[in-house]
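Numbering of ligands and ligand atoms starts at 1, following listing order.
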Amino acid sequence: MKNEKLKSIVSEALEGIKKALKLDEINELRNRFLGKKSELSSLGGLIATLPVEEKKTFGIEMNEAKQLISQAFEEKLNALKQKALEEKLKKETIDISLPSREVSLGARNPFYIVQDEMKEIFIGMGFDVADGPEIETDLYNFELLNIPKDHPARDMQDTFYIDENTLLRTHTSPVQARTMEKMNGKPIRIICPGKTYRRDDDDATHSHQFAQIEGLVIDKDINIGHLKATLELFAKKMFGEKREIRLRSSYFPFTEPSVEVDITCANCGGKGCNMCKGTGYIEILGGGMVHPNVLKMNGYDPEVYSGFAFGIGIERVAILRYGIDDIRKFYNNDVRFLHQFKKKD
Ligand code: PHE
């Protein structure tokens, strides 16, 4: 660059840019050296007055000066931006060693904890898990279980009717009939957990909705000893080795003989206390040998096959297991209750 004026403008600009520390200083300088009212811009106006032979070199040098200055601006701007970014990042560093806010996990309803445990115990004994509808027909809920229309046992199992023949099942026993129908004369060993309904006034020990686990075994030479051994094993696995069971004679239209099964009271170990009302035993289920009429109605020859069945109240087992004092607690969704069953690990 030969033109002294241009040279001095460029060096002044570069000096200024070098010293500038802030973005607005840079902007101001850019205006001063490259703006419309800058010295460079007014020098440009001189070109017209120059002799032809000087015009070209002056034009070239003028452009060169502009380029040098713009490039210096560009570089400085980038450097300043980079510096600003670094400072920002430094200020905003996240302390990853800080403990995070606790995410509160829910707890399983003890009903499901117990239901799963019960299922596991029976699956371990070789039972399959069957299923059946909660909305049932009169046929499966009553008729095929030897409970005809005028049978007095119906009084104890009033329920919610959808129409005259469709109802919410009162027990899981209709799955007995459904399984026999499906298995068509072949041996059976199933359990069926599920919801059941009765027209009850809710209180601490009654709920219009509750749940049972049905059990059904049908084969040749099945006797009541098999029923007792199965339930004894269940009771010990569920409530502890020390528990004993006792079978009391009872009545169900679909079993003969029928039994009610009690376990020794965990609270007093069988001596008698408030919890077992002084008897030393607590009832946990009903069962019996499948009635020959039920076998016959559902396609099994009672001369060849025999079987046992039982129905266990799931909430009842959970209540005894955890010492819960009110069946409604399973359904009220009170987190203070549920959190007591949180898994501790
Ligand atoms: N279904 C009966 C009830 O709900 C229980 C039961 C099941 C009894 C199977 C005998 C055999 O009371």
Item to check | Ring-ring centroid check Y322 F341, cutoff 6.0 Å | outcome: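 Yes, they do, as the ring centres are separated by less than 6.0 Å.
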Item to check | Pairing of R154 and D158 as salt bridge, 4.0 angstrom limit | outcome: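 A salt bridge is absent here (no side-chain N lies under 4.0 Å from a carboxylate O).
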Checklist entry - Are any of the side-chain nitrogens in K7 or E4 under 4.0 Å away from the carboxylate oxygens of its partner? => result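 Yes, K7 and E4 are salt-bridged.
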For ligand 1, list all ligand N or O to protein N or O distances below 3.5 Å, rounded to 0.1 Å.
residue: ligand 1; atom: 1 (N); partner: H171; partner atom: ND1; Å: 2.9
residue: ligand 1; atom: 1 (N); partner: S173; partner atom: OG; Å: 2.9
residue: ligand 1; atom: 4 (O); partner: R198; partner atom: NH2; Å: 3.0
residue: ligand 1; atom: 4 (O); partner: Q212; partner atom: NE2; Å: 2.9

Using links of under 4.5 Å between side-chain heavy atoms of ILVMFWY residues, direct or through other members, which residues join [X] in one cluster?
X	value
L139	Y140, L144, M297
L21	none
V304	F142, L145, I147, Y161, L167, V175, M180, M183, I188, I190, L216, I218, F252, F254, V290, V294, L295, Y300, Y305

